[in-house]
**Student:** 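Please read through the structure below; I'll follow up with questions.
Given the structure is predicted, the values throughout are model-derived calculations rather than measurements. Along the sequence shown, residues carry numbers from 1.
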Amino acid sequence: MTAQPSAHPPGEKNPLEQQGLGRLTASVAHRVFWPSAVIILAFVLYAVIGQESAAEQVAGVQEAIGDNLGWFYTALTSLFVIFVLWVGLGRFGRIRLGKDHEKPEFSTSSWFAMLFAAGMGIGLVYWGAAEPLNFFVSPKPGTGDGDPAKTEAAMVQTFLHWGVHPWAIYVVVGLAMAYAVHRKNRPVSIRWALEPLLGDRVKGKWGDAIDVIAVVGTLFGVATSLGLGVMQIASGLNFLGWVDEPGKPLMVVLIAAITGLATLSVASGIGKGIKWLSNANMGIAALIMLFVIIVGPTLFIANGFVQNVGGYLQNVLRLSFDTGASHGAEGQSFVNTWTVFYWGWWISWAPFVGVFIARISRGRTVREFVCGVLLVPTLLTFFWFAVFGGTAVHGQSTGKENYLVDGAVSTDNALFQLLDTLPGGKLVAGIAILLIVLFFVTSSDSASFVVDMLSSGGNPNPPVWSRVFWAVMGGAVAAALLLASDLASASSLNTLKTTAIIIALPFSIVMIGMCIATTRAFLAEHRAYEAARRTAEQERIIDRTVAALEDGQADDAADRKVPAARTTEDRPPEPAG
């Protein structure tokens with residue numbers, strides 16, 4: 001059996017050597033757990049007590065980052081795509097994330113379901129119809145005139161935001177972590193992904209700071225999504241007429257219910273609750289998508305999918321490096337508002353999603369990991385948007401439907417508006433609400449599991465009590481900010497959301513370090529493999545040479561051997577006379 005990673009942080013006492021409450025609290029990494037908890041609590045108080053000033057200050061920082069560093073996010077995200085393709089398709093692809101002959105821990109279908117649900121499942125449900133509609137109604141500067149041009153541009157721009165770029169961001173973190181954890185047997189902690197670059201410094205303050213950034217960013221992101229998500233669920237319930245005007249009590253009940261389900265799921269572990277819920281999500285999502293395909297504009301969806309994938313492939317290089325500069329302030333504003341915001345959002349989620357997909361990818365090769373994480377979810381995502389976004393844009397462009405409210409897209413209600421126009425859509429809309437709840441549960445429990453691993457010194461199976469703690473913490477933070485905000489603006493939640501994206505800036509530097517560290521580790525392993533291969537080949541040549549020499553000596557000895565004396569019968573007859 002392979003040795004298990006250390007379940008306690010470097011330099012701290014082993015929990016088995018402590019007793020009572022000390023033994024219980026020793027299961028956490030104190031230099032990560034407590035600073036993270038203090039920062040989270042302090043910022044929540046800051047966002048609640050000084051709502052307006054906090055929102056203005058945080059929004060100002062985010063705007064400054066977008067205006068001055070939009071080019072940095074744009075270039076860096078595209079370079080991440082190039083990096084992961086180089087690693088996955090090149091000579092390093094055969095490296096196994098585990099022992100040389102180790103089999104994958106999870107089946108391929110369960111693996112896809114878990115990484116898809118954790119990565120962006122809830123985002124697809126929320127933005128599936130809303131984002132293409134937004135881009136159709138308010139197109140990017142430079143888009144051609146006419147509905148056909150706006151329709152294709154809307155879908156291609158959506159594909160850019162949800163395609164290979166976000167998954168490449170996740171691959172950078174996930175691959176570095178999977179190699180460190182499964183190949184080098186390190187604890188499940190962000191710091192160890194940088195060991196080839198920082199060496200033993202990952203055991204000290206540098207490593208602590210990296211893990212604290214990851215914990216805070218992950219919890220902020222999950223709490224924000226939970227708070228804004230329950231607003232969408234409540235909006236859907238109200239749209240369907242199942243509840244009156246949603247208020248804070250309903251929001252709190254929804255947060256409590258989702259947090260409770262997430263707590264039960266995360267307590268059961270990855271192999272049970274998280275895996276089962278992820279598989280259930282994929283099944284329900286597939287059924288809803290199939291319903292829209294059958295009763296919606298089927299032929300338009302099929303044609304649009306093929307055409308828009310082609311449009312994406314033709315334009316992805318240009319769009320990947322588009323900063324909007326050629327269209328002046330209006331173009332830059334669009335790119336910063338949408339594309340740069342998305343790149344920051346995906347980077348802010350990279351610690352959570354990257355660590356989680358690393359945790360579930362033991363036994364995969366680098367090539368399997370890169371192709372599986374990068375390509376398969378991207379194709380599924382494209383098809384999802386082709387179905388929901390294509391149907392919504394088709395209805396709006398042909399004039400058969402009007403999804404606008406006061407001239408703008410109602411993002412919270414776009415999915416429900418779409419389903420409401422289809423036969424039997426009311427029932428399916430109710431199922432869609434269930435899907436949203438389950439997706440939030442899987443995102444919450446996955447994030448709680450990751451945060452717990454990071455705050456427990458990298459323990460791949462942290463104790464149940466701390467899993468429950470972080471799951472409840474995420475719900476409590478979301479509820480507190482929601483209660484403190486005006487529901488019309490959700491100012492405190494938006495402040496938290498913006499802060500999570502600001503955290504993406506320092507973590508983007510960490511990700512650059514991960515790329516360098518991963519390259520160093522792979523080059524070292526490749527050199528070791530080549531040296532071992534050359535040694536083995538030399539040994540085989542020597543063995544064959546020795547064997548050939550021994551065979552030659554045996555043949556020479558046989559040739560030199562004196563023949564036995566002939567008998568009388570063997571002698572030829574003597575001549576007569």
**Student:** Test your reading of the model: is there a side-chain donor-acceptor pair from Thr421 to the backbone of Leu418, 3.5 Å cut-off?
**Tutor:** yes
**Student:** Under a 3.5 Å distance rule, please check whether Thr77 uses its side chain to pair with a backbone N or O of Tyr73 as donor and acceptor.
**Tutor:** yes
**Student:** At what distance, to the nearest 0.5 angstrom, does OG1 of Thr158 lie from CG of Leu133?
**Tutor:** 9.5 Å
**Student:** Shortest non-hydrogen contact from Lys150 to Gly144?
**Tutor:** CG-O, 3.9 Å
**Student:** Output the distance between atom CD1 (Ile213) and atom OG1 (Thr218), rounded to the nearest 0.5 Å.
**Tutor:** 11.0 Å
**Student:** Check the pair Trp162, Trp346 against ring-ring contact (aromatic ring centres under 6.0 Å, His included), reporting the backbone distance first and the verdict last.
**Tutor:** CA-CA 10 Å; Trp162 296 82; Trp346 298 135; 5.1 Å; yes
**Student:** Checking side-chain polar atoms at under 3.5 Å, does Ser110 have a donor or acceptor matched by the opposite partner on Ser107?
**Tutor:** yes
**Student:** Is it the case that the ring center of Phe83 lies less than 6.0 angstrom away from the ring center of Phe80?
**Tutor:** no
**Student:** Within this structure, what is the CZ-OG1 distance for the pair Phe321 and Thr74, rounded to the nearest 0.5 Å?
**Tutor:** 9.5 Å
**Student:** For the residue pair Phe135 and Phe334, does the interplanar ring angle fall in the parallel (under 30°), tilted (30 to 60°) or perpendicular (over 60°) class?
**Tutor:** tilted
**Student:** Side chains of Trp338 and Gln157 only: does a donor on one sit below 3.5 Å from an acceptor on the other?
**Tutor:** no
**Student:** Atom CD1 in Ile233, atom CG in Leu434: separation rounded to 0.5 Å?
**Tutor:** 9.5 Å
**Student:** How far apart are the C-alpha atoms of Trp167 and Leu375, what are their side-chain angles, what is the distance that settles it, and do they pass the side chain to side chain contact (heavy atoms under 4.5 Å, CB included) test?
**Tutor:** CA-CA 8 Å; Trp167 288 104; Leu375 300 180; over 6 Å; no
**Student:** Under 3.5 Å, side chain of Thr391 to main-chain N/O of Phe388, donor-acceptor pair present?
**Tutor:** no
**Student:** Got a salt bridge between Asp322 and Lys140, using NZ or NE/NH1/NH2 to carboxylate O under 4.0 Å?
**Tutor:** yes
**Student:** Which atoms form the tightest heavy-atom contact between Val405 and Ser410, and what is the distance?
**Tutor:** CG2-CB, 4.0 Å
**Student:** How long is the gap from OH on Tyr46 to OG on Ser53, to the nearest 0.5 Å?
**Tutor:** 5.5 Å
**Student:** Determine the sole option in Thr411, Asp412, Asn413 for which the side chain to side chain donor-acceptor pair (under 3.5 Å) test with Ser235 is passed.
**Tutor:** Asn413
**Student:** Can you confirm whether more than 12 heavy atoms, excluding those of Trp242, are under 6.0 Å from its CH2 atom?
**Tutor:** yes
**Student:** As an exercise, state the distance from CD of Gln307 to CD of Gln314, rounded to the nearest 0.5 Å.
**Tutor:** 9.5 Å
**Student:** Do Phe305 and Phe382 have ring centres separated by under 6.0 Å?
**Tutor:** no
**Student:** Under the 3.5 angstrom rule, does the side chain of Arg367 hit a backbone N or O of Gly88 as a donor-acceptor pair?
**Tutor:** yes
**Student:** Begin with the C-alpha distance, continue with both residues' side-chain angles, and end with the deciding distance and a verdict on ring-ring contact (aromatic ring centres under 6.0 Å, His included) for Trp345 and Tyr342.
**Tutor:** CA-CA 5 Å; Trp345 185 246; Tyr342 263 124; 8.9 Å; no
**Student:** Ring centres of Tyr126 and Phe439 under 6.0 Å apart?
**Tutor:** no
**Student:** Is the distance from the ring center of Trp343 to that of His165 below 6.0 Å?
**Tutor:** yes
